[in-house]
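As structure tokens, the structure follows; a few thoughts come after it.
Side chains included, hydrogens not; waters and symmetry mates left out as well; all remaining heavy atoms used.
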Amino acid sequence: DPRGFYNYGYAYSTIGLGLVRLLELFGLDGSADNVRLITIVFRTLSFAAYVVVWLLVFLVSRLAWQLSIGLSAIAATGTLLAENAMFYGRTVHPDSLQVAVVAAAILFVALPGSWSVVAAAALAGVAAGTKYAGVFLVPALALVVARIRKATVVIGSSIAFAAGWLVLNMSLLSNLEAFVADLRFEREHVATGHRLAESANPMEWLPVLMNELGPFGSVLVGVGMLAVVVGGLGTRPRRRQTFDRIRGNPALLVSVVFAMTLGGYLLVGVNMRRGRYLLPLLPVLLPAGLAGWAWLARRLTPAQQPWVYALPGVLLVGGFVHAIAGSDVPERWANGEQMALAEWLDDNVPETARILSDCRSYVPPTFARQACVAGLSPTDLQRFKPDVIVVNRMITGRIIWKSPGSEFADQLYVAAPGASPESVANLRRLFKTLLEQSRPRWRVAWESDSLVVLR
């Protein structure tokens, strides 16, 4: 059943499994039971993409934005220091690969020759088949292709985009109905929010972006973008000069149009605000911000310019220290509560038990009869008939969770801001049924601040 399979594209999965099959040729066990090998391969793929992003953003900064070597290096390093960039660079997840392919597509547009645009279209297809932000490269590339005015480039780019998408998503056409249903579901999902109606105020993206960049990165990009607005759009002659520069630089045109279309969609069409959705914009935002610093430097005397060039470097160092200091928080949580959960399950639950858990809860693979859901519901319980239930504050607990200082069995819950009254009432009813009315009655067998095990 392919339902739910296409919520993301699966280029990341195809590449990862292809690498596993390659390792099988060298005698390694690539079966589904060898979870360790599969995890190592996919995390290596994520980290490799994360590292490659540095080189790609550096080259985009040099070729498209015409920044100096120093400012290009700062833009590239700042991209890697974003909170979710660091997290997904070491996680089994397609975000790092998507950012790398988006940056590569922009870079190819900067290369000479009309066929580099065709290659960029192929990479845009791969990006769209990894996660769907790559689709927003299409209008930007269409403007460049239209200016070339060659039928071969138009046809070649169209074929290349489709091939880039489909070659790593080969079952899409045979499951077109499931793909369309999943795409519709995901569009409505992000437009509303995860299991609760989130705020429709687009300005709430600003703190998400600032959290992603960190305090030093926010100053670096914020000051630079303010300089871009003042220096590039402040007067009519400046606006004309800026637009002429963008029109005359295909890679710059693709960068700006891509950022405007994806950014506009996030502002208008996405209320489920997650920092990882902003990652594809960073290969544009960081070079653009550094371009603003370069403009500021040009307004000063040669004796003053080194100070302006030094400030981004100082901010980068501050951002590096801040990012490293905070980077162990997810790891600390994973190695603390998650590992404590895994150890408790190993010690207290037989391997034949049926375990139903919220996703993002670590249930060891030795439990073969397990399933995870994106939020518990009575239907899940009736269908799976679990012996053990794991409730996660990040998933089901996003609607209601035990109040600070209380235990789950006390049933003293705090509702999340923005949670619909219906969702809150349904979840309270479910927990009350489990703890008081079910026969046999469920009891809290183990709990931490963020995880609860019912048995």
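- Between F408 and W401, the ring planes are tilted. Angles from 30° to 60° get that label.
- Judged purely by distance below 3.5 Å, without hydrogens or angles, the side chains of S361 and D358 never pair a donor atom with an acceptor atom.
- Within the structure, the salt bridge (charged side-chain N to carboxylate O under 4.0 Å, His left out) test picks out no pair touching residues 8-18 (sequence neighbours left out).
- More than 12 heavy atoms of other shown residues, nucleotides or ligands fall within 6.0 angstrom of atom CE in M225.
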Run the side-chain donor-acceptor check on residues 258-268: report pairs under 3.5 Å with partners two or more places apart or on a different chain.
| from | atom 1 | to | atom 2 | distance (Å) |
| --- | --- | --- | --- | --- |
| T261 | OG1 | F136 | O | 3.4 |
| T261 | OG1 | V257 | O | 2.9 |
| T261 | OG1 | F258 | O | 3.0 |

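- Judged by the 6.0 Å distance and 45° axis criteria, R354 is positioned over the aromatic ring of F384.
- Identified under the ring pair (Phe, Tyr, Trp, His ring centres under 6.0 Å) test for residues 31-56, with sequence neighbours left out: Y12-F42, W54-F58.
- Residue L25 qualifies as enclosed at atom CG: its count of foreign heavy atoms under 6.0 Å is above 12.
- Checked for salt-bridge contact, E447 and K402 meet the test: a charged N lies under 4.0 Å from a carboxylate O.
- Partners of V126 under the side chain to side chain contact (heavy atoms under 4.5 Å, CB included) rule, at least two apart in sequence or in another chain, are V101, T130, L168.
- Residues M86 and L81 come closest through the heavy atom pair SD-O, 3.8 Å.
- V109 and A120 make their closest contact through CG2-CB, 3.6 Å (heavy atoms, listed as atom of the first residue, atom of the second, distance).
- Under the salt bridge (charged side-chain N to carboxylate O under 4.0 Å, His left out) criterion, the residue pairs touching residues 119-139 are D95-K131, with sequence neighbours excluded.
- With sequence neighbours excluded, the residues that form a side chain to side chain contact (heavy atoms under 4.5 Å, CB included) with E186 are N7, H189, V190.
- F179 and W165 have perpendicular rings, their planes meeting at more than 60° on a 0 to 90° scale where under 30° would count as parallel.
- A donor-acceptor pair under 3.5 Å is absent between the side-chain atoms of S357 and the main chain of C372, judged by distance alone.
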